[in-house]
Amino acid sequence: MATKLSGFPEFLPRERIVEQQVLDHLRRTFELHGFANIETRAVEPLDVLLRKGEIDKEVYAVKRLAAADTEPAELALHYDLTVPFARYVLENAGKLDFPFRRWQIQKVWRGERPQQGRFREFTQADIDIVARDVLPSHFDVEVARVMAEALAGLPIPTPTFQISNRKILEGFYLGLGVADPTAVMQVVDKLDKVPAEKIRVLLVEQGLEERQADSVLALAEIVTTDTSFVQRVEALGVEHEMLTEGLAELAQVIEGASGVDGVVVTADLRIARGLDYYTGTVFETRLAGWEHLGSICSGGRYDELAQDRKGTYPGVGISLGVSRLLVPLELSASRSVPSVVLVAVGDEESRADSDAVARRLRARGIATEVAPKAAKFGRQIQFAEKRGIPYVWFPPSSVKDIRSGDQVDADPDVWTPPTIDLTPNILTKTESLKETNS
RNA sequence: GUGGGUGUAGCUCAGCUGGUAGAGCACCGCCUUGUGGUGGCGGUGGUCGCGGGUUCGAGUCCCGUCACUCACCCCA
């Protein structure tokens, strides 16, 4: 009996076609910008995963079945691609060329309870850039820009990048005289769920004066689509060296990442991010109309994640939740198979003729399959229609577009379908409903 | 991990205070011996999530359990 496992999504062929096209597009975009690919193993030593990220992160431990019950698990499935990447950089530092830019698309695993857009096994698409000792801030701009371009090319609702910089928050809090900036950040991070009034109470409970709490909230309210946030922060009258540095960096990122068609870029000073390894720029991304999914694409600058006795490798990266994006949107494809053409079979004696037609079409890159049995032609057309195959070829030399009903004489060595039919097309949910109703 | 909801055909669901397991869609066949439709007729398909209890009798009531799902938490 087949059992559906919650949080471990599996696609039908049509949905998988969509996923593959999305992954192809991401890869193409990343490589267009010169990012190299690596794949890291699925498991990491448990202590590597627990040391770098959150201790309370739900991690799947991995243990041999034959291991003694008393033997503790030493390996665990990775829950993101950033921490394994940092480990990989340290391990191969002598063989990598810096600054090192890489893309990586792999499954990751988390033990959290599944919900819409939230899985236990899911695919992430990451780009990261690391350097030795120093990583100039123009690389923060670059990862934002590349990911914006990648998202802009996908059949999804408009994404909004919400970009901030931890130095702004921390510098501002220090300038205000707040004792524990990190604790304040964690409270402010809840602003999208908890009303401002309640946040204010929480801040005062943290030991902030009313005046400080008001300033903290005033900073968090600042959202701009250009660099005018700088003036608005300065107008709050708080000064600190780190704040100034953060403002300059964020202005650079906002300016550099804007201007990609189909993507909104905002400086959003609410964004703090829970993970503690971020040290500067932080990214989150929301989809218009799908805000309840949370961020579909997040990341930031981590200056100290990868370091050993020999040195430190500052990095900046951004991670797209491919599964979070695809599963809720319920995108489908115009067909469930790659085939552009189904070659009909008149009778089993002439199957070889049909095979010959198929071979000639395939020789020119046209995905083709031959009908499984010599049923009535009406049945063979229905076979194609059910799978979304747009053309049926009747040997020796007639091809029918079964969507329009148009049938023409054609030579299998010459006939070419329109480019748009060469690969399956992605349909949004409403488009696929329209298709089945027509 | 905490709390709510739901489990009946491939899918969507109905099944009253307990009395022979149902519909629509899908699928297969025929009417229609070779180019898709519609209509009609016929057919396949169910350990009613699982285990126990009450009862002459349980899809229905009770207990347990599992799964799915939603919210919290957290996050891609």
Side-chain angles (χ1 to χ4, degrees), chain A residues 1-9 12 26 53-59 78-83 104-127 147 151 156 159 186 189-190 192-194 271-276 278 282-287 290 292-300 317-329 342-348 350 371 373-395 398-408 436-438:
Chain A
M1 182 71 188
T3 55
K4 193 172 151 194
L5 271 184
S6 173
F8 293 84
L12 289 168
L26 294 174
E54 325 258 281
I55 305 293
D56 60 341
K57 188 148 272 170
E58 289 269 12
V59 166
H78 57 222
Y79 56 78
D80 76 358
L81 299 177
T82 309
V83 172
Q104 193 171 346
I105 299 180
Q106 282 179 244
K107 289 275 171 67
V108 304
W109 295 268
R110 291 182 195 175
E112 305 154 349
R113 274 284 176 81
Q115 260 172 59
Q116 188 185 35
R118 186 175 141 187
F119 307 97
R120 291 184 156 177
E121 175 179 75
F122 59 99
T123 301
Q124 283 194 325
D126 279 42
I127 48 174
M147 193 55 91
L151 286 176
I156 57 173
Q186 278 163 4
D189 193 46
K190 298 186 189 307
D192 55 338
K193 292 217 167 165
V194 183
I271 302 301
R273 307 234 5 94
L275 289 179
D276 53 4
Y278 292 118
V282 285
F283 307 102
E284 292 198 1
T285 311
R286 264 151 244 269
L287 281 188
W290 297 85
H292 60 284
L293 289 179
S295 177
I296 53 133
C297 182
S298 312
I318 187 161
S319 173
L320 170 64
V322 178
S323 310
R324 169 166 290 185
L325 195 63
L326 290 183
V327 176
L329 289 182
L342 174 79
V343 183
V345 175
D347 49 60
E348 286 303 331
S350 65
K373 65 183 203 187
K376 288 195 279 193
F377 283 157
R379 286 262 170 253
Q380 299 194 42
I381 291 169
Q382 281 175 3
F383 176 96
E385 188 174 41
K386 194 163 172 222
R387 288 159 180 73
I389 302 172
Y391 297 95
V392 175
W393 194 289
F394 298 97
S398 185
V399 64
K400 183 187 187 90
D401 180 337
I402 64 173
R403 295 161 300 187
S404 63
D406 297 341
Q407 186 164 344
V408 295
T436 51
N437 290 341
S438 63

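Throughout, a chain's letter reflects where its sequence line sits, starting with A, and its residues are numbered from 1. All values reported here derive from a predicted model rather than from experimental measurement.
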Q.
Quick check against the 3.5 Å criterion: does Arg324(A) have a side-chain atom that pairs as donor or acceptor with the backbone of Ile296(A)?
A.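 Judged by distance alone, no pair lies under 3.5 Å.
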Q: Mark yes or no for whether Ser350(A), through its side chain, and Asp347(A), through its backbone, hold a donor-acceptor pair below 3.5 Å.
A: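 Checking the backbone N and O of Asp347(A) against the side chain of Ser350(A), a donor-acceptor pair under 3.5 Å is found.
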I want to verify a distance call: between [options], whose nearest atom is closest to the [X] side chain?
{"X": "Lys386(A)", "options": "G36(B), C27(B), A76(B)", "value": "C27(B)"}
{"X": "Ile381(A)", "options": "U35(B), C70(B), C68(B)", "value": "U35(B)"}
{"X": "Lys376(A)", "options": "G36(B), A76(B), G34(B)", "value": "G34(B)"}
{"X": "Ile402(A)", "options": "G36(B), G29(B), C75(B)", "value": "G36(B)"}

Q: Indicate, yes or no, whether a donor-acceptor pair under 3.5 Å links the base of U69(B) to the side chain of Gln116(A).
A: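 Looking at the base of U69(B), it does not pair with any donor or acceptor on the side chain of Gln116(A) (distance under 3.5 Å).
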Q | is_close_aromatic(Phe8(A), Phe119(A)), centroid dist under 6.0 Å | A |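 Here the rings of Phe119(A) and Phe8(A) have centres that are no less than 6.0 Å from each other.
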Whole-Å distance between [N] [atom2] and [X] [atom1]?
{"X": "Ile318(A)", "N": "C75(B)", "atom1": "CD1", "atom2": "C1'", "answer": "15 Å"}
{"X": "Lys400(A)", "N": "G34(B)", "atom1": "NZ", "atom2": "P", "answer": "16 Å"}
{"X": "Leu342(A)", "N": "G36(B)", "atom1": "CG", "atom2": "P", "answer": "15 Å"}
{"X": "Leu293(A)", "N": "C70(B)", "atom1": "CG", "atom2": "P", "answer": "11 Å"}
{"X": "Phe8(A)", "N": "A67(B)", "atom1": "CZ", "atom2": "P", "answer": "12 Å"}
{"X": "Phe394(A)", "N": "G36(B)", "atom1": "CZ", "atom2": "P", "answer": "9 Å"}
{"X": "Gln115(A)", "N": "G1(B)", "atom1": "CD", "atom2": "C1'", "answer": "13 Å"}
{"X": "Leu325(A)", "N": "A76(B)", "atom1": "CG", "atom2": "C1'", "answer": "10 Å"}

Q.
Quick check on side-chain contact (heavy atoms from CB on, under 4.5 Å): which of Val322(A), Val108(A), Leu320(A) does Gln124(A) satisfy it with?
A.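 Among Val322(A), Val108(A), Leu320(A), the one that satisfies the side-chain contact (heavy atoms from CB on, under 4.5 Å) with Gln124(A) is Val108(A).
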Q) Taking only N and O in the side chain of Ser295(A), is any of them less than 4.0 Å away from OP1 or OP2 of C75(B)? A)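 No, Ser295(A) has no side-chain N/O under 4.0 Å of OP1/OP2 on C75(B).
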Q: Please state whether the phosphate of G29(B), meaning OP1 or OP2, lies under 4.0 angstrom from any side-chain nitrogen or oxygen of Arg379(A).
A: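 For G29(B), OP1 or OP2 has a side-chain N or O of Arg379(A) closer than 4.0 Å.
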Between [M] and [N], how far apart are the [atom1] atoms? Round to whole Å, please.
{"N": "C68(B)", "M": "C56(B)", "atom1": "C1'", "value": "36 Å"}
{"N": "G7(B)", "M": "U17(B)", "atom1": "P", "value": "16 Å"}
{"N": "G5(B)", "M": "A9(B)", "atom1": "P", "value": "22 Å"}
{"N": "U20(B)", "M": "U60(B)", "atom1": "C1'", "value": "15 Å"}
{"N": "U55(B)", "M": "G19(B)", "atom1": "C1'", "value": "12 Å"}

Q: Would you give a per-nucleotide map of nucleotides 2-10 of chain B, 5' to 3', where B means the base has a protein non-hydrogen atom under 4.0 Å away, S means only the sugar-phosphate does, and - means neither?
A: B--------
Q. Across the strands shown, which category fits Ala344(A) at heavy-atom distances under 4.0 angstrom: base, sugar-phosphate, nothing?
A.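 Since no nucleic acid heavy atom lies under 4.0 Å of Ala344(A), the category is nothing.
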Q. Contact class for Gln382(A) vs. all strands (heavy atom < 4.0 Å): base, sugar-phosphate, or nothing?
A.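 Sugar-phosphate, backbone atoms only, no base.
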For a quick test of reading the model, state the closest non-hydrogen atom pair linking [X] to [Y] and the distance between them.
{"X": "Ala344(A)", "Y": "Phe377(A)", "answer": "CB-CE2, 4.0 Å"}
{"X": "Thr285(A)", "Y": "Cys297(A)", "answer": "OG1-O, 2.8 Å"}
{"X": "Val345(A)", "Y": "Ala371(A)", "answer": "CG2-O, 3.7 Å"}
{"X": "Arg120(A)", "Y": "Glu112(A)", "answer": "NE-O, 2.9 Å"}

Q. Closest nucleotide of RNA chain B for Asp347(A) versus for His292(A): which of these residues is on the 5' side?
A.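 Nearest nucleotide further toward 5': that of Asp347(A).
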Q.
Can you work out whether Ser398(A) or Ser6(A) has the more 5'-proximal nearest nucleotide on RNA chain B?
A.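 Nearest-nucleotide comparison on RNA chain B picks Ser398(A).
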**Q.** Base-pair map of RNA chain B as dot-bracket, where | denotes pairing with a different strand and pairs are Watson-Crick or G-U under 3.5 Å
**A.** (((((((..((((.....[..)))).(((((.......))))).....(((((..]....))))))))))))....
Q: Report yes or no: do Gln407(A) and Ser398(A) form a side-chain donor-acceptor pair below 3.5 Å?
A: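 Result is yes, a qualifying pair exists.
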Q. Distance only, no hydrogens: is a donor on one side chain within 3.5 Å (strictly under) of an acceptor on the other, for Gln106(A) and Gln104(A)?
A.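 Yes, a side-chain donor-acceptor pair sits under 3.5 Å.
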(Q) If stacking means aromatic ring centre less than 5.5 angstrom from the base's six-membered ring centre, planes under 30°, is Phe119(A) stacked on A76(B)? (A)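 It does not: the ring fails the test against the base of A76(B).
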Q.
Under a 4.0 Å threshold between the charged nitrogen and the carboxylate oxygen, would Arg387(A) count as salt-bridged to Glu385(A)?
A.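 Looking at Glu385(A) and Arg387(A), the cut-off is not met.
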